Visitor: 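Got a structure for you, written out below as C-alpha cells; questions coming shortly.
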Amino acid sequence: MRRMEHASSPPIAPIWSPSDQAIEQAQITQFARHVVRKYRLDLNTYPEFYRWTVDNPAEFWSEVWDWCGVIAAKKGGTALVDGDRLPGAKWFPEARLNFAENLLRRGDQGDAFVFWDERGLQRRVSYSQLTSDVSRAAQAIAQLGLRPGDRAAAFIPNVPEAGMLALAALSQGVVWSSCSPDFGTGGVLDRFGQVEPKILFAADGYRYAGREHDVLGRVAEIAAGLPSLRKVVVVPHLRARPDIADVPKAVLLEEWLRKHAPGEIEYAQMPFEHPAYILFSSGTTGAPKCIVHGAGGALLQSLKMFKLQFDVRPGDRFFYYCTTNWVVWNMLFHGLCAEASVMLYDGSPFERNGAILWDYAEKERITHFGTSAKYIDALEKRGLAPIETHRLGEMRMILSTGSPLVPESYDYVYSRIKSDVCLASISGGTDILAAFADANPILPVYRGEIQCRSLGMAVDVFDEEGNSIVGEKGELVCTRPVPSMPLGFWNDRGGEKYRSAYFEKFPGVWTHGDWCELTERGTMIVYGRSDATLNPGGVRIGTAEIYRQVEKIDEVEESVAIGQLWPPGKPTDTRVILFVRLRPGFALDEGLAEKIRARIRASTTARHVPAQILQVADIPRTKNGKVVELAVRSVVHGMPVANTDALANPEALELFRDLPELA
C-alpha cells in the first residue's frame, strides 16, 4: 500500500502536513497495509480505506481486535449479528473478556500515572504498583459482596486513586460512575441516586486556584441520601488522616485495603456487552440521562483511538486536562490500553500565570497534550507564547475538544505554541464514548477543520429531508452500528427514551445533535449543537459561527448567543441576541457594539448579525466549561431551568432574567 493521504482536493493549502517518515512509521499505516494485504484490496488513500472500514464493519472491528491484541478468554467466530439494525445490532456475542485486564497488560516499573497539581509533581505510580493496588482493592470489593452488574460510584478529583479504583471495580464486572467533587449534593444525588451504587469512593476535598475545598460535609449528605450503600471509602487528599466520624459507613482507603495482600487478580470474564460505565448527560434541561456503555465497545474504541487515530505507543506520555465528571476522563485513563503513561492534573489550568500545564508538558516530556478550545482561546487572550518559554520537543499531537476550535486558534497554536505538531480538533461525545470526527497522524491539518471521519464510524451529514450532503450545513448522523453505541439508558425499560434521544429524527439512523459540514476534502467543520442553532427568518445558523468572530475581538472575553422568540406574546420569528462578557476594564458602548456587528457582518452574513448585544458580568457554564445556551434561552423566555447543580456558576443565570432590553 502506498502512502495514505486524502484523495484529490480543492487547492487549499494545509496549515501542517506530516513528514514522509511519520506517515511511514504510523501505526495506522501499518494496520491499513495489513488489512490491504489480507483482503487483497486495491486502495491507496485514507478516504478509500475509511470507506472500507464502514462498509465492512464485522471485518474491520475483528481486525482491530486482533491487531491491537485484545486479551480475552474467548473471542468467538462471530463479530456482528443483525448489523442492519440500528439500534439492535449485537457485537461479538460469543466473546468473554475483562476490560481492566486489557488496561493492565503492562506490568513493569514504567510510569502508569504521573500526577501533578497546582504545586507541581506530587506522585508517580508504576504499572507494577498500580497492578498491586488494583489487586488489593479488587479483593476488598469482592469481600464486600459486590457482584458483576452492581454499581460503584466515585466523588473524587482526577487523582491516581480514581483510575486505580475504577480498574478494581471493572476487574470484578462492577459498573463504574464518577463525578467531580465540585458538584453540590443535589447534583450528585441526581446522578448517583438513579443508579443506586453499593459502594461510594470519595475524596476528602480538592484544590483549585490556590484554595483547599473540604467536601466531607457533602460526602456525609451524599452517603445519607444513598440507601443502597454498603460502604463509603474515603480517599485522603487534603489531609493524611481526615476526620470521617460524621460520614456514615465510612472507612479510610488504606484501612479498607490493609487486610489484603497484593496477588494475582481474578478478572471476571464477562460478555462483550456487559455494562462497564454509566455516564451522565449534563442535566441542564432535565434529570441527567444515565448512559450505559458496554465493556467490549469501550475497549475496542479505545484501542482504535489510541493506537490508530492518536498513534500512541508504549512509553508515550498522554495528557488531557479534564475532571472525573467528563467522558474525557474515561478516555484519558484508557491510555493504559496502549501501554502509555497517563498524565494526570487536578487544579486550575491558569496557575503560575498560565504556565502550569506547559511546565508540566516540558518537565514530563508529554507527547500528546489534550485540552479544550476555550483553554486555547484563553491562552491567546492572555498573550502567552509557550513556543518562546518552553521546550516541547517530544510533543507530537495537540488535541482539542469540548467546543469547535475556531480557525484563528489554529493560527495561534502553530505560531505561539509549536510549529511542528498535529493539531487535532476532535468531536464525539459522552453518548458514544468515542469521536465521530477524529485525529489522524498521517493526514494534513486544514485551518478550522477536523482532520477526518473516524475509522469504522459511518458518519454523514443530512439535510432536513434526510439526504446526504457535502459542502453544506446539516445534521451529523451515523448510519450504521458501531460497538461503542450505548447499551441504553439506565432504568429505561423498553428503550423508549434511548430511541427517542437518537433515532427519532431519522429512523434507523443515529442523529447526534451536532450542526456541521462535511467538506469535499473529507474534513469536518462543527458549528455547534443542533438544538442551540439559531433560526432567524427560517435560516439555521450555528452559534459557533458567531462565537468565532466575536471572541477574536480583544475586548470580548466570552459570549453566548440565543434565539429569542419575536415579537413577545405572538412570536412569528426569532431574532438573534448576543450576550458578551468583556475583559476587565472594558464596557459595552455603541462603538464596541458596532465593531462586533461589523466583524460578524463582514465574516458571515447579515442574518448572523444580532438584533441586540448586551453586556453581562458572567455566562453560565457546565462544570466541564461548556456554555449552556439552552439554559440561557429558557431564562430569557421565563421558563424554568432544571438541575442547576450541574452548572459551575448557576448564579449567573439570574443575570439574564427579565431584561428590559428584551421585553
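We use all heavy atoms of the structure for the numbers below, so side chains are in, but hydrogens, waters and symmetry mates are not. No experiment lies behind these values; they were computed from the predicted model shown. Position 1 is the first residue of the sequence; numbering continues from there.
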Visitor: Between F503 and Y498 (judged by ring centroids, cut-off 6.0 Å), do the two rings come close enough to count as a pair?
Guide: yes
Visitor: With a 3.5 Å cut-off and no angle check, do the side chains of N325 and T323 form a donor-acceptor pair?
Guide: no
Visitor: Given 3.5 Å as the limit, does a donor-acceptor pair link the side chain of N102 with the main chain of I71, or not?
Guide: yes
Visitor: Would a line drawn from the ring center of H512 to the ring center of F436 be shorter than 6.0 Å?
Guide: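 Yes, they do, as the ring centres are separated by less than 6.0 Å.
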Visitor: Output yes when a side-chain donor or acceptor of N158 lies under 3.5 Å from a complementary backbone atom of T324, and no otherwise.
Guide: no
Visitor: Give the ring-plane orientation class for F49 versus W52, where under 30° counts as parallel, over 60° as perpendicular and anything between as tilted.
Guide: parallel
Visitor: How long is the straight-line distance from CD1 of I426 back to CE of M397, given to the nearest 0.5 Å?
Guide: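 Reported to 0.5 Å precision, the distance equals 9.5 Å.
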Visitor: List the atom of A340, the atom of V312, and the distance in Å for their closest heavy-atom pair.
Guide: CB-CG1, 3.6 Å
Visitor: Could you grab the distance from atom CZ of R313 to atom NZ of K307, nearest 0.5 Å is fine?
Guide: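 If I round to the nearest 0.5 Å, the distance is 9.5 Å.
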Visitor: Can you sort out the partners of E254 under side chain to side chain donor-acceptor pair (under 3.5 Å), two or more places apart, ordered by chain and number?
Guide: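 Result, side chain to side chain donor-acceptor pair (under 3.5 Å) vs E254: R136.
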Visitor: Between Y502 and W510, does the ring centroid distance fall short of 6.0 Å?
Guide: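 Here the rings of W510 and Y502 have centres that are less than 6.0 Å from each other.
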Visitor: Between R241 and L252, is a side chain to side chain contact (heavy atoms under 4.5 Å, CB included) present by the stated rule, with each step listed?
Guide: CA-CA 8 Å; R241 291 194 62 84; L252 291 176; 3.7 Å; yes
Visitor: Which of parallel (below 30°), tilted (30 to 60°) and perpendicular (above 60°) describes Y345 and Y321?
Guide: tilted
Visitor: In sequence, state the C-alpha distance, the side-chain angles, and the governing distance for W176 and S178, and then conclude on side chain to side chain contact (heavy atoms under 4.5 Å, CB included).
Guide: CA-CA 7 Å; W176 179 266; S178 59; 3.7 Å; yes
Visitor: Looking at the rings of W329 and Y320, which for Trp means the six-membered one, are their centres under 6.0 Å apart?
Guide: no
Visitor: Given salt bridge (charged side-chain N to carboxylate O under 4.0 Å, His left out), test D431 with K289 step by step and report yes or no.
Guide: CA-CA 10 Å; D431 321 68; K289 295 193 294 286; 5.7 Å; no
Visitor: Which value, rounded to the nearest 0.5 Å, describes the distance between E161 atom CD and I156 atom CD1?
Guide: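 E161 CD to I156 CD1: 6.0 Å, rounded to 0.5 Å.
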Visitor: Apply salt bridge (charged side-chain N to carboxylate O under 4.0 Å, His left out) to the pair E63 and K38, showing each step before the final yes or no.
Guide: CA-CA 10 Å; E63 291 299 330; K38 179 173 179 177; 2.6 Å; yes
Visitor: Just by distance, do the side chain of S135 and the backbone of G263 share a donor-acceptor pair under 3.5 Å?
Guide: yes
Visitor: Any salt bridge (Lys or Arg N to Asp or Glu O under 4.0 Å) involving residues 480-500? Give me the pairs, sequence neighbours left out, ordered by first then second residue.
Guide: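 Only D55-R480 qualify under salt bridge (Lys or Arg N to Asp or Glu O under 4.0 Å).
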Visitor: Pick one: which of W61, F92, W91 meets ring-ring contact (aromatic ring centres under 6.0 Å, His included) with F272?
Guide: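 So the option named by the test is F92.
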Visitor: So does P349 get a backbone contact from the side chain of E118, meaning a donor-acceptor N/O pair under 3.5 Å?
Guide: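 Answer holds: no.
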Visitor: Rounded to the nearest 0.5 Å, what's the gap from CG on D359 to CG on L121? Could you check?
Guide: 12.5 Å
Visitor: With heavy-atom distances below 4.5 Å as the criterion, would you say the side chains of D117 and V159 are in contact?
Guide: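 No, side chains not in contact.
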Visitor: So, for Q27 and D311, which heavy atoms are closest and what is the spacing to 0.1 Å?
Guide: N-OD1, 2.9 Å
Visitor: What is the minimum heavy-atom distance between A162 and P157, and which atoms define it?
Guide: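 Where A162 meets P157 most closely, the heavy atoms are CB-O, 3.8 Å.
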Visitor: How about E94: does its CD atom have over 12 heavy atoms from other parts shown lying under 6.0 Å from it?
Guide: yes
Visitor: Do T185 and E221 have a side chain donor and acceptor closer than 3.5 Å?
Guide: yes
Visitor: Nearest 0.5 Å, what's the NE2-CG distance between H260 and D133?
Guide: 13.0 Å
Visitor: Enumerate the residue pairs fulfilling ring pair (Phe, Tyr, Trp, His ring centres under 6.0 Å) with a member in residues 121-173, sequence neighbours excluded, ordered by first and then second residue.
Guide: none
Visitor: Ring centroid separation for Y277 and H293, is it under 6.0 angstrom?
Guide: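 Centroid separation for Y277 and H293: 6.0 Å or greater.
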Visitor: Please report the C-alpha distance between T131 and V134 in whole Å, then the side-chain angles of each, then the deciding distance to 0.1 Å, and finally whether the side chain to side chain contact (heavy atoms under 4.5 Å, CB included) criterion is met.
Guide: CA-CA 5 Å; T131 303; V134 169; 5.7 Å; no
Visitor: Compute whether any side-chain donor of one residue and acceptor of the other, for Q269 and N98, lie under 3.5 angstrom apart.
Guide: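 Distance-only check fails for Q269 and N98.
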Visitor: Are the aromatic ring centres of F183 and H213 under 6.0 angstrom apart?
Guide: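 Distance test on ring centres: not under 6.0 Å, no.
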Visitor: Could you check, using the six-membered ring where one of them is a Trp, whether F99 and H334 have ring centers closer than 6.0 angstrom?
Guide: yes
Visitor: Hey, do the aromatic rings of F113 and F333 have their centres closer than 6.0 Å?
Guide: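 No.
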Visitor: So, are K90 and D82 salt-bridged, with charged N and O less than 4.0 Å apart?
Guide: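 The answer is no: the pair does not qualify as a salt bridge.
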Visitor: Are any side-chain N or O atoms of S454 and backbone N or O atoms of M457, one a donor and one an acceptor, separated by less than 3.5 Å?
Guide: no
Visitor: For the pair E364 and R124, find out whether any cationic side-chain nitrogen is under 4.0 Å from an anionic carboxylate oxygen.
Guide: yes
Visitor: List the residues meeting salt bridge (charged side-chain N to carboxylate O under 4.0 Å, His left out) with E101, not counting sequence neighbours, and say none if there are none.
Guide: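 By the salt bridge (charged side-chain N to carboxylate O under 4.0 Å, His left out) rule, E101 matches no residue at all.
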Visitor: Does a donor on one side chain and an acceptor on the other come within less than 3.5 Å for Q30 and W67?
Guide: no
Visitor: Is it the case that the side chain of R105 and the backbone of G69 share a donor-acceptor pair, with hydrogens and angles ignored and the cut-off at 3.5 Å?
Guide: yes
Visitor: Looking only at the side chains, is there a donor atom on one of R119 and Q122 sitting less than 3.5 Å from an acceptor on the other?
Guide: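 Yes, side-chain donor-acceptor contact under 3.5 Å.
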Visitor: Locate the shortest heavy-atom distance separating P181 from V215; write the atom from each residue and the value.
Guide: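 Nearest pair, atom of P181 first, then V215: O-CG1, 3.6 Å.
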Visitor: With sequence neighbours excluded, tell me which residues meet salt bridge (charged side-chain N to carboxylate O under 4.0 Å, His left out) with R239.
Guide: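 Result, salt bridge (charged side-chain N to carboxylate O under 4.0 Å, His left out) vs R239: E212.
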Visitor: To the closest 0.5 Å, what do you measure between CZ (R96) and NZ (K74)?
Guide: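 So the gap between those two atoms works out to 7.0 Å.
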Visitor: Step by step, would you call C290 with F280 a side chain to side chain contact (heavy atoms under 4.5 Å, CB included)?
Guide: CA-CA 5 Å; C290 303; F280 305 100; 3.7 Å; yes
Visitor: Check for a donor-acceptor pair, side chain of T53 on one end and backbone N or O of G456 on the other, with a separation under 3.5 Å.
Guide: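 Confirmed, T53 side chain pairs with G456 backbone.
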Visitor: Looking only at heavy atoms, which two atoms of P248 and V232 are closest? And how far apart?
Guide: O-CG2, 3.4 Å
Visitor: Output yes when a side-chain donor or acceptor of S171 lies under 3.5 Å from a complementary backbone atom of A168, and no otherwise.
Guide: yes
Visitor: Counting distance only, does the side-chain N/O of S62 pair as donor-acceptor with the main-chain N or O of A79 below 3.5 Å?
Guide: no
Visitor: What heavy-atom pair brings S372 and S400 nearest, and what distance separates the two atoms?
Guide: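 Reported closest heavy-atom pair: C-OG, 3.7 Å.
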Visitor: Using the side chain to side chain donor-acceptor pair (under 3.5 Å) criterion, which residues pair with S484? Sequence neighbours excluded.
Guide: Q301
Visitor: Please say whether more than 12 non-hydrogen atoms of neighbouring residues, nucleotides or ligands are located less than 6.0 Å from CZ in R123.
Guide: yes
Visitor: Could you tell me whether a side-chain N or O of R151 sits under 3.5 Å from a main-chain N or O of V195, the two making a donor and an acceptor?
Guide: yes
